Amino acid sequence: MAFPKKWHAVFDPRLLICVFLGFSSGLPLFILLTLLQAWLAKSGLDVQALGLFALVMFPYTWKFLWAPLMDRYSFRFLGRRRGWMALTQAGLFVSIGLLGALDPGRQLVLVGLLTAFIAFLSSSQDIVIDAYRRELLPDEEQGLGSAIHVNAYRVSGMVPGALSLILADMMSWPAVFWITAAFMLPGLVCTLVIREPDIHGAPPKTIREAVVLPFTEFIGRAGWKSALLILTFIFLYKLGDSLATALATKFYLDLGFSMTQIGIIAKTTGFWASLIGGLLGGIWIIGLGINRALWVFGAVQALAILGFSWLAINGANPMLLAFVIGFEAFGVGLGTAAFVAYIARTTDERYTATQFALFTSLAAVPRTFINASAGYIVDMTGWFMFFNLCFVLALPGMLLLPKVAPWRQKRE
């Protein structure tokens, strides 16, 4: 009887919403990680400056500070979740389009400020989309919903990571950025046509309630020790993978691949691997449960890092590039799906936006601050040893799994 129920969940029409919103959530981040990096590299910035540019991503780390506003305030016509989504999506469309009109050689400060603003809007969009998905889906569908969200999130990277790079060889950067920005519009249309999710409990009536109650509930649930253990795990689980991909585009360019090769081979392979990994991951999470998925998928995610070490030794081999990127996309897609499902399960439905933002902000710390050191580490160690170090950094999070997600405790 369980098998038909699982496949009934796969075809739940609510999961289609996760596709559109996941794509809209991922697109701005991949613009900042991939397209921005290629644009600045082609403008003459060195690897150390490119690494430091990761610091403009700080809003992803601090988004929990303004998340209570999104739990507290609502829009008259669109509601609490849809209103904030529409506002951030429209702002992202305009800001991304305007970014390409700047000259990094003469207006680097303006480029930094605008990219930081894009990161602010993007992280704010993530807050409300995560809250919407948590409130839209029942607990038994959180794993599959998270997998589909992550899959669509990663697929969105095909636009700035493949299409935009190919277009950059054929047209001006301002045109490339406006075309890329236009891919925010499907998410905006989705936001305007969907309904508000059901409210679980009374929304906060004051700013004080919106700020204080989510934190006191989380700490009071199992005590300070358990809370700190969960937060440490969230910080560490994606550390190695995040650092390994911090300067991926620069790595491919240094090996001798052209922009078109990166767009066609690397990103297209990652696209298909993400689709397969996301689909299988979502189905496997239903059978494995979130705890066991964290173990299995996390191991694959860590091993995928070593593929970059292999590529660093062999140089510009197109077939090897396709294999390494495909394995990385598959493994990391699995790991991220289980990780996001774990975060969703850990939140209390009464304080979804604030708690979800707190957890995902902590998960973004490596990408924002530790990744800023990636360029300096590469300068000191070279690419091969850099990726070996990233693999080692992927292990501490796995070592915490017996405490935060015991294998024998098969929870949905």
Side-chain angles (χ1 to χ4, degrees), residues 26 30-31 33-35 37-39 41-42 47 50 150-170 176 238 240-281 284 296-337 371 374-375 377-378 381-394:
F30 284 109
I31 288 172
L33 291 178
T34 307
L35 182 59
Q37 189 179 127
W39 180 45
K42 284 295 183 179
V47 66
L50 286 173
V150 170
N151 195 36
Y153 192 101
R154 290 180 62 84
V155 167
S156 70
M158 283 293 296
V159 176
L163 175 63
S164 300
L165 295 182
I166 295 170
L167 291 177
D169 280 340
M170 299 183 290
V176 169
K238 299 288 292 178
D241 161 61
S242 179
L243 185 61
T245 55
L247 293 173
T249 302
K250 174 65 174 173
F251 171 56
Y252 305 145
L253 291 171
D254 283 357
L255 287 182
F257 293 104
S258 69
M259 296 274 282
T260 299
Q261 282 180 312
I262 295 170
I264 294 177
I265 299 176
K267 303 305 180 180
T268 304
T269 303
F271 169 76
W272 289 109
S274 293
L275 284 181
I276 296 169
L279 177 61
L280 293 179
W284 288 342
V296 177
F297 298 171
V300 177
Q301 171 184 267
L303 289 174
I305 299 173
L306 295 178
F308 290 110
S309 300
W310 188 19
L311 185 60
I313 294 175
N314 286 273
N317 183 327
M319 291 298 294
L320 182 57
L321 176 67
F323 173 79
V324 169
I325 295 302
F327 184 44
E328 187 271 342
F330 180 81
V332 174
L334 293 178
T336 305
N371 287 9
I377 298 174
V378 171
T381 66
W383 288 111
F384 175 72
M385 290 304 300
F386 169 73
F387 291 121
N388 289 341
L389 173 63
C390 293
F391 171 74
V392 172
L393 291 176

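Note that the structure is a prediction, hence the values are computed from the model and not measured. This chain uses plain numbering: 1 for the first residue, then up along the sequence.
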Between Phe387 and Phe251, does a ring-ring contact (aromatic ring centres under 6.0 Å, His included) hold up when you go through it step by step?
CA-CA 11 Å; Phe387 291 121; Phe251 171 56; 4.8 Å; yes
Using the rule given for side-chain contact (heavy atoms from CB on, under 4.5 Å), can you reason through Leu33 versus Gln37, listing the C-alpha separation, both sets of side-chain angles and the distance that settles it, and then say yes or no?
CA-CA 6 Å; Leu33 291 178; Gln37 189 179 127; 5.6 Å; no
Test side-chain contact (heavy atoms from CB on, under 4.5 Å) on Phe330 and Leu280; report intermediate values, then the result. CA-CA 10 Å; Phe330 180 81; Leu280 293 179; 4.2 Å; yes
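Proximity of a side-chain donor or acceptor of Ser258 to a complementary backbone N or O of Gln261 within less than 3.5 Å is detected.
Partners of Leu393 according to the side chain to side chain contact (heavy atoms under 4.5 Å, CB included) rule, which considers only residues two or more places apart in sequence or in another chain, are Leu239, Leu243, Leu389. Evaluation of the side-chain hydrogen bond (donor to acceptor under 3.5 Å, both in side chains) rule for Asp241 yields Lys238 as partners, not counting sequence neighbours.
Atoms CG and OG1, on Leu165 and Thr249 in that order, are 6.5 Å from each other to the nearest 0.5 Å. Expressed to the nearest 0.5 Å, how far CE of Met158 lies from CH2 of Trp272 amounts to 9.0 Å. From Ile305, atom CD1 reaches atom OG1 of Thr245 across 8.5 Å, with rounding to the nearest 0.5 Å.
For the pair Lys250 and Val378, the minimum side-chain heavy-atom distance is 4.5 Å or more.
Among pairs with a residue in residues 156-170, those fulfilling side-chain hydrogen bond (donor to acceptor under 3.5 Å, both in side chains) read Ser164-Thr180, Asp169-Thr260, at least two apart in sequence or across chains.
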Check residues 308-328 and write down every donor-acceptor pair under 3.5 Å in which the side-chain atom is one partner and the other belongs to a residue at least two apart or another chain.
unit_1: Ser309; atom_1: OG; unit_2: Asn388; atom_2: OD1; d: 2.9
unit_1: Asn314; atom_1: ND2; unit_2: Trp310; atom_2: O; d: 2.8
unit_1: Asn317; atom_1: OD1; unit_2: Met319; atom_2: N; d: 3.1
unit_1: Asn317; atom_1: OD1; unit_2: Leu320; atom_2: N; d: 3.2

